[in-house]
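Here the structure comes first, spelled out in structure tokens, and everything after it is commentary.
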Number of protein chains: 2
Amino acid sequence: MIQSRPAVVRISDTVAGELEKRILEGSLKAGDRLPSERDFAVELGVSRPTLREAIQKLTSKGLLASRHGGGTFVTNRLEAHFVDPWQEMLSGHPMLHSDLLEFRQMLESQAAYLAAERATNVDIERLDALYATLDSVYGSKDMNACIDADVAFHQAIAEAAHNVLIGHMTASLMRLIHGHVSNSLEHLHARPQRWDQLRSQHYTIWQAIREHQPDVAARASRDHIEFVRQSMMNANKEVENRLSALRRQPSGPLERADTGA
Amino acid sequence: MIQSRPAVVRISDTVAGELEKRILEGSLKAGDRLPSERDFAVELGVSRPTLREAIQKLTSKGLLASRHGGGTFVTNRLEAHFVDPWQEMLSGHPMLHSDLLEFRQMLESQAAYLAAERATNVDIERLDALYATLDSVYGSKDMNACIDADVAFHQAIAEAAHNVLIGHMTASLMRLIHGHVSNSLEHLHARPQRWDQLRSQHYTIWQAIREHQPDVAARASRDHIEFVRQSMMNANKEVENRLSALRRQPSGPLERADTGA
DNA sequence: TTGGTAAAGTGGTCTTACCATTGATGAGAA
DNA sequence: TTCTCATCAATGGTAAGACCACTTTACCAA
């Protein structure tokens, strides 16, 4: 009855496994668009029908989605599993932010530790490049660029940890707090000395990973998030104050939290 | 988000639906063999690739099974299909187990740390009860009861940490590895001294939380998972050895040679 | 009967071609 | 200048035919 594994290996299965592996390991991230079927087939050394069968397998698993004339994309199903339940919760219950940052503290310090332990030359090169852009955009005043560079930097650390769960979890958390990061950054932006502190924290983490000092990296990362945490608490307090001042005026329009796009 | 129905109907989807209908209605019964792809394609009025895509869809749903050179058959079991993408990944990519345990090590040691810090009397009472159960079932030889008690104990610790994300993540991970835990436990079961080590490890964690010693609890928890990790590696190695012994018999090199015409 | 071998049938893969849809580009109008 | 809309290249979907690898069956010889 055990139809176990026939000795024959279908090429399309091999290809599907390869794609799945790339998605799992993060070289194909959620939202990424695959090369066109024609190009990709050449790149993988198989014919287009074979590649199509492989894509079809992953599509029926929900990992890929194709749009006629548009392209084939990696879905966020793996991350949605983590993120979806929390997305609206976070808007409705601000006290979750504290738990979230605590979780992030654990996750990122561990990621930094493992990254310092396992980062390859390729990882370090990528980190170097990302740190350079991060450092440069911090000089500018472009808030969005800062957020993007910050997220990319931390994500690269998570991937250098070479643990797929840490990678996906970090990506999920990043997406989750993306909308909320701007708050604290905006708050920090008006305070140059704190702004500089962030830069030096990133520098410390970066160097610790480069020089393969896991404990230093972990502690620096922990301190970094702790700093963000404090800043956010201050920001919230400030917002609170501002709101309570506004609340003294009557006739407030109905507050409705916009869930964003 | 508007991804729902692109309004375009792919022929392969139509065909797949038609086949599925025939199977459900009984005109195609379990064990039946489909006509050959060439004949069937003509009969359905579509091309062979289209029919193949339809068959592939149903194959991945578990309704059909193809044998190279043999034919395509209707299977008896429908929907032995995992809905959790991570669950499926775990089966297909064994290297995930290591990452999973590493993640769990981080998560549970942090949970133990916070639990030792924040556990209320209610939490501790519940932990006491669960530990008592755990200790008693370890005396028996009921494997399932052991697993359940173990999961409940660790889950209670996670909830005593009073961080909703940690609680949720722990529950998710527990569910994910529930099916795979039995392997390592089975392996441990035949080794009484290791079995006792597990008991003492649980005791240490329990006591550290009771006495509010975060660092002790975290380290004990970390050691505990490390122990499980080693055990599982040994178990895998054992399986590996058994498999490699079996592998000496068949001879299927099957290197796919490129014809390079 | 038994064993092996050859032939036919079937799924797997490749090639080529064309169609349908999409998305971006650029021209033209307000 | 800005906006609208038609156009077109890129891309996924479908089709047809061919060849290969494997399985099954039938036949033949011992």
Side-chain angles (χ1 to χ4, degrees), chain A residues 3-19 28 31-75, chain B residues 1-19 28 31-75 250-261:
Chain A
Q3 204 74 305
S4 60
R5 281 303 106 191
V8 297
V9 277
R10 279 173 283 238
I11 299 182
S12 60
D13 284 333
T14 308
V15 173
E18 168 67 20
L19 293 186
L28 285 177
D32 279 0
R33 179 174 148 178
L34 267 57
S36 79
E37 293 183 353
R38 292 164 181 81
D39 296 343
F40 207 17
V42 172
E43 181 183 327
L44 294 173
V46 299
S47 71
R48 198 178 152 209
T50 301
L51 172 60
R52 277 183 60 80
E53 284 210 9
I55 290 176
Q56 211 285 321
K57 285 182 209 296
L58 296 189
T59 299
S60 66
K61 275 190 177 183
L63 264 52
L64 294 179
S66 294
R67 285 210 312 264
H68 192 171
T72 302
F73 300 81
V74 180
T75 67
Chain B
M1 294 299 185
I2 330 286
Q3 202 79 304
S4 55
R5 283 301 102 188
V8 293
V9 279
R10 278 172 285 238
I11 299 183
S12 60
D13 283 333
T14 309
V15 175
E18 170 65 21
L19 291 187
L28 285 175
D32 279 0
R33 180 173 140 178
L34 268 56
S36 78
E37 293 183 352
R38 292 164 181 79
D39 297 343
F40 208 15
V42 173
E43 180 184 329
L44 294 172
V46 299
S47 71
R48 199 178 153 211
T50 301
L51 172 60
R52 279 183 60 78
E53 283 211 9
I55 290 177
Q56 210 285 320
K57 285 182 208 297
L58 297 187
T59 298
S60 66
K61 282 174 82 171
L63 288 170
L64 296 178
S66 295
R67 286 210 314 268
H68 190 172
T72 302
F73 301 83
V74 180
T75 65
S251 61
L254 230 321
E255 280 296 329
R256 184 180 138 71
D258 195 54
T259 57

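In the text below, chain A, chain B and the rest are named by the order of the sequence lines, each starting its count at 1.
Between the CG atom of A:L64 and the P atom of D:dG13 there is a distance of 11 Å, given to the nearest Å. At whole-Å resolution of the value, CG in B:D13 and P in D:dG13 are 9 Å apart. As rounded to whole Å, 12 Å separates atom C1' of D:dA10 from atom CZ of A:F73. As rounded to whole Å, 14 Å separates atom P of C:dC14 from atom CD of A:E37. Rounded to whole Å, atom P of C:dT10 lies 13 Å from atom CD1 of B:I55. Remark: P of D:dG12 and CD1 of B:I11 are 18 Å apart, rounded to the nearest angstrom. What separates CZ of B:R10 from C1' of D:dT11 is a distance of 13 Å, to the nearest Å.
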Q) What string of B, S and - do you get for nucleotides 3-9 of chain C, 5' to 3', when a contact is any protein heavy atom under 4.0 Å? A) ------B
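Residues passing the salt bridge (charged side-chain N to carboxylate O under 4.0 Å, His left out) test with B:R38: none are found, sequence neighbours excluded. The salt bridge (charged side-chain N to carboxylate O under 4.0 Å, His left out) search around B:R33 returns none, not counting sequence neighbours. Listed by chain and residue number, A:S47 satisfy the side-chain hydrogen bond (donor to acceptor under 3.5 Å, both in side chains) test with A:T50 (two or more places apart in sequence, or in another chain). Applying the side-chain contact (heavy atoms from CB on, under 4.5 Å) criterion to A:L34, with sequence neighbours excluded, gives A:L28, A:F40, A:L64, A:T72, A:V74. For B:S36, the side-chain hydrogen bond (donor to acceptor under 3.5 Å, both in side chains) partners are B:D39, not counting sequence neighbours. Evaluation of the side-chain hydrogen bond (donor to acceptor under 3.5 Å, both in side chains) rule for A:Q56 yields no partner, not counting sequence neighbours.
Within residues 46-53 of chain A, the residues approached by DNA chain D to less than 4.0 Å at the level of any non-hydrogen atom are A:R48, A:R52, in residue-number order.
In this model, the phosphate group of D:dG12 is approached by a side-chain N or O of A:T72 to a distance below 4.0 Å at OP1 or OP2. A:R67 has no side-chain polar atom (N or O) that falls below the 4.0 Å cut-off from OP1 or OP2 of C:dT22. The shortest distance between the side-chain N/O atoms of B:S66 and the OP1/OP2 oxygens of C:dT10 is not below 4.0 Å.
The structure places CD of A:E53 at 13.0 Å from CZ of A:R48, a figure rounded to the nearest 0.5 Å. A:E37 contributes atom CD, which lies 4.5 Å from atom CD1 of A:I55 (distance to the nearest 0.5 angstrom).
On a pure distance criterion of 3.5 Å, a polar donor-acceptor pair joins the side chain of B:R38 and the base of C:dG11.
Of all the heavy atoms in B:K57 and B:S12, the pair that sits closest is CE-OG, 3.6 Å.
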